[in-house]
Each structure stands twice: as structure tokens, then as C-alpha cells.
Asks: 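Would you mind keeping the following structure in view while I ask a few things?
Reminder, nothing fancy here: chain letters follow the sequence lines and each chain counts from 1. Please read all numbers here as calculations on a predicted model, not as lab measurements.
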Amino acid sequence: MGSSSNSGGRRLGRAFYDRPTRTVARDLLGRVLKARGPDTVRAARIVEVEAYVANDAASHAFRGLTERNRSMFARPGTLYVYRIHQVVCANLVTRPGDAVLLRAGAPVDEGSGNPSGPGRLCRYLGITQDDDGTDTTRRGRVYVVPGVRRALDSRILTSPRVGITRAVDRPLRFSVEGDPWVSRPRPRGVFTSA
DNA sequence: GAAAAGATTACCT
DNA sequence: GGTAATCTTTTCC
């Protein structure tokens, strides 16, 4: 398992992210995402993600590498943070050019904030553009904790993605069925067996 | 250079 | 359910 001895605690390693993007997306549900601060560590349990894959017209990587999406082509486990309107959103890179958008989480400390929605999740965790390009498998301050996964495959809902204008029908949004922290619009999807 | 679009959210009716 | 806010990146002339 994770053998790295860093001060921030155990974290998922490269091999976790170096798998097919849909597999990683589903496997991230129920896991704990952490962001170390100077004096604090904030944590959320991931309840909703979206996959962005090769030949996907809705993906930021669809038209090739630009300055903005540079980190989306980096190693598996790299954090890709981009700005949209007034907020930032975070992705975890799987295979270079593919990524999983972190759309919503449940606070680990109840009543401590609202991580429902990709912008809110980043605000809750304190993720900023300074975190773009950091390696979550190594010493980056943002990472996913191994070993704790509270999402049964039988409760994973598959549905179309949110807020895009192209490839709108692809079923690449994954969420924990019935979880109150899943963002709006509420998924009207299909149960998928593992 | 200028203009349009955007992986969103808050607040309106 | 619809729309404005708001600003960076990308695209077009």
C-alpha cells in the first residue's frame, strides 16, 4: 500500500490514478480528500465526480495543450485547477489528457461548511490556483487518503454531466445515490453495478 | 486588439 | 426554473 513517509499522512499513489478514467472516477467516490493548510487540515468525503476523457468535446483537453490546461497533460495524480467565472474547480489527472472533476463532497466535520458543487468544494478546502499542477501522490498539500471508501458500487448513480454545452449526453457523472451533498441539478440517472 | 464563451453560483420570480 | 454577476482564456478579424 502507500509506503511514503511524509508528514501529511498516507495518500493514494501513482498507480491508483494510472488506470482508465471512469474506473478512477468511480473509485474516488466515498474517499476522503484532504488539503493541508499552515495550521489546519480540511477534509471532505467525495460524493460526486465527473470524468473527462479522450475525444471528449466537453473536455478542456479536447483541442490540445494550452497554457491554461497544461497540468491536465501531466502525470497521473496531478491536480488541475482552473478558474471559471468567480470560482475555481479542481480535477485529478488520470492518464495524461484525461481528468476527474471533483464536483461535491461531504464535510468530515459536520456543520463546518458547504462543499456541494465544484466551486464550493474548492472554497471549503482552501484550494486555489496556486495548487494547480501539484502532485497529489507526492508532496502536494492536496491529496486523497487511501483505505477509506464508504461508497458501495451498488449505490453509484451514473448520469449526464452538468454545465457543459457539448457531449451533453455522455453518462460520465458519477454520484453516491441519495447523498444530500450531491450538487444540483440532482442526477436523474441509472444505477450501475460495479 | 476585441469579442465571445465558459466543467458556476447566488438570487430572482 | 431563469438570469445576472464577473473575469480569464481562447478565438477571431
Asks: P atom, C:dC12 versus B:dA7: distance in rounded Å?
Replies: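 So the two P atoms sit 16 Å from each other.
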Asks: Distance check needed: B:dG6 P versus A:N69 CG, whole Å only.
Replies: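 Distance, rounded to whole Å: 15 Å.
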Asks: Expressed in angstrom and rounded to an integer, what is the separation of A:D132 atom CG from C:dT8 atom P?
Replies: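 Taking CG of A:D132 and P of C:dT8, I get 15 Å after rounding.
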Asks: Given B:dA7, C:dT6, B:dG6, which nucleotide is nearest the side-chain atoms of A:Y80?
Replies: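 Selected nucleotide: B:dA7.
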Asks: Distances under 3.5 Å between protein N/O atoms and the N/O atoms of nucleotides 9-13 of chain B, please, pair by pair.
Replies:
| unit_1 | atom_1 | unit_2 | atom_2 | d |
| --- | --- | --- | --- | --- |
| B:dT9 | OP1 | A:P118 | N | 3.3 |
| B:dT9 | OP1 | A:G119 | N | 2.7 |
| B:dT9 | OP1 | A:R120 | N | 3.3 |
| B:dA10 | OP2 | A:R120 | NE | 3.1 |
| B:dA10 | OP2 | A:R120 | NH2 | 2.1 |

Asks: Using the P atom as the reference point in each nucleotide, state the distance between B:dA5 and C:dT3 in Å, no decimals.
Replies: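 It comes out at 16 Å once rounded to the nearest Å.
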Asks: Between A:R19 and A:T94, is there a side-chain heavy-atom distance shorter than 4.5 Å?
Replies: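 Sidechains of A:R19 and A:T94: no contact.
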Asks: Round to the nearest Å and state the distance from A:I84 atom CD1 to C:dA5 atom P.
Replies: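 For the pair A:I84 CD1 and C:dA5 P, the rounded distance is 17 Å.
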Asks: Base, sugar-phosphate, or nothing for A:R63, non-hydrogen atoms under 4.0 angstrom?
Replies: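 Touches sugar-phosphate only.
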Asks: Measure from the side chain of A:R68, starting at C-beta and using heavy atoms only, and say which of B:dA7, C:dT10, B:dG6 lies closest.
Replies: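 For the A:R68 side chain, the nearest candidate turns out to be C:dT10.
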Asks: Here's one to test your reading of the geometry: is the NZ or CZ of A:R161 within 45 degrees of the ring axis of A:F174 and under 6.0 Å from its centre?
Replies: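 Relative to the ring axis of A:F174, which defines the angle, A:R161 lies outside at least one limit.
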Asks: Does B:dT9 have a Watson-Crick or wobble mate here (both distances under 3.5 Å), and if so which one?
Replies: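 Pairing partner, where one exists within any strand: C:dA4.
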Asks: Would you mind reporting whether A:R68 and A:D132 have side-chain heavy atoms less than 4.5 Å apart?
Replies: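 The answer is no; the side chains never approach within 4.5 Å.
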Asks: Measuring only the P atom in each nucleotide, how far is C:dT9 from B:dA10? A whole number of Å is fine.
Replies: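 22 Å, rounded to whole Å.
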Asks: Please determine, by modelled atom types, if A:T137 and A:D135 share a side-chain donor-acceptor pair under 3.5 angstrom.
Replies: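 Yes, because at least one side-chain N or O of A:T137 sits under 3.5 Å from a partner of the opposite role on A:D135.
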Asks: Could you give the CD-to-C1' distance, from A:E67 to C:dT8, as a whole number of Å?
Replies: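 Atom-to-atom, A:E67 to C:dT8, this comes out as 11 Å.
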Asks: Treat each ILVMFWY residue as a node, draw an edge where side-chain heavy atoms are under 4.5 Å apart, and state whether A:Y80 and A:L28 are in one component.
Replies: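 No.
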Asks: Write down the distance between CG (A:N91) and P (B:dT8), rounded to a whole number of angstrom.
Replies: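 Distance, rounded to whole Å: 11 Å.
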Asks: Just by distance, with hydrogens left out, do A:Y124 and A:S112 show a side-chain donor and acceptor under 3.5 Å apart?
Replies: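 There is such a pair between these side chains.
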Asks: Distance check: side-chain N/O of A:T165 vs OP1/OP2 of B:dA5, anything under 4.0 Å?
Replies: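 For B:dA5, neither OP1 nor OP2 has a side-chain N or O of A:T165 closer than 4.0 Å.
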Asks: Just the rounded figure in Å: distance from P of C:dC7 to OH of A:Y82.
Replies: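 From A:Y82 OH to C:dC7 P: 18 Å.
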Asks: Run through A:S159, A:P160, A:P171 and flag the one making a side chain to side chain contact (heavy atoms under 4.5 Å, CB included) with A:P187.
Replies: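 Filter result, single survivor: A:S159.
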Asks: Is A:S116 reaching over with its side chain to a backbone N or O of A:W181, donor-acceptor style, under 3.5 angstrom?
Replies: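 A pair under 3.5 Å: yes.
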Asks: Between A:F62 (CZ) and C:dT11 (C1'), how many Å, whole number?
Replies: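 Between C1' of C:dT11 and CZ of A:F62: 16 Å.
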Asks: Can you work out whether A:Q129 or A:H85 has the more 5'-proximal nearest nucleotide on DNA chain C?
Replies: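 Nearer the 5' end of the strand: A:H85.
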Asks: In whole angstrom, give the distance that lies between atom CD of A:E50 and atom P of B:dA7.
Replies: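 Atom CD in A:E50 sits about 10 Å away from atom P in B:dA7.
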Asks: Give me the distance, rounded to whole Å, that separates C:dT6 from B:dA2 when you measure between the P atoms they each carry.
Replies: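 It comes out at 22 Å once rounded to the nearest Å.
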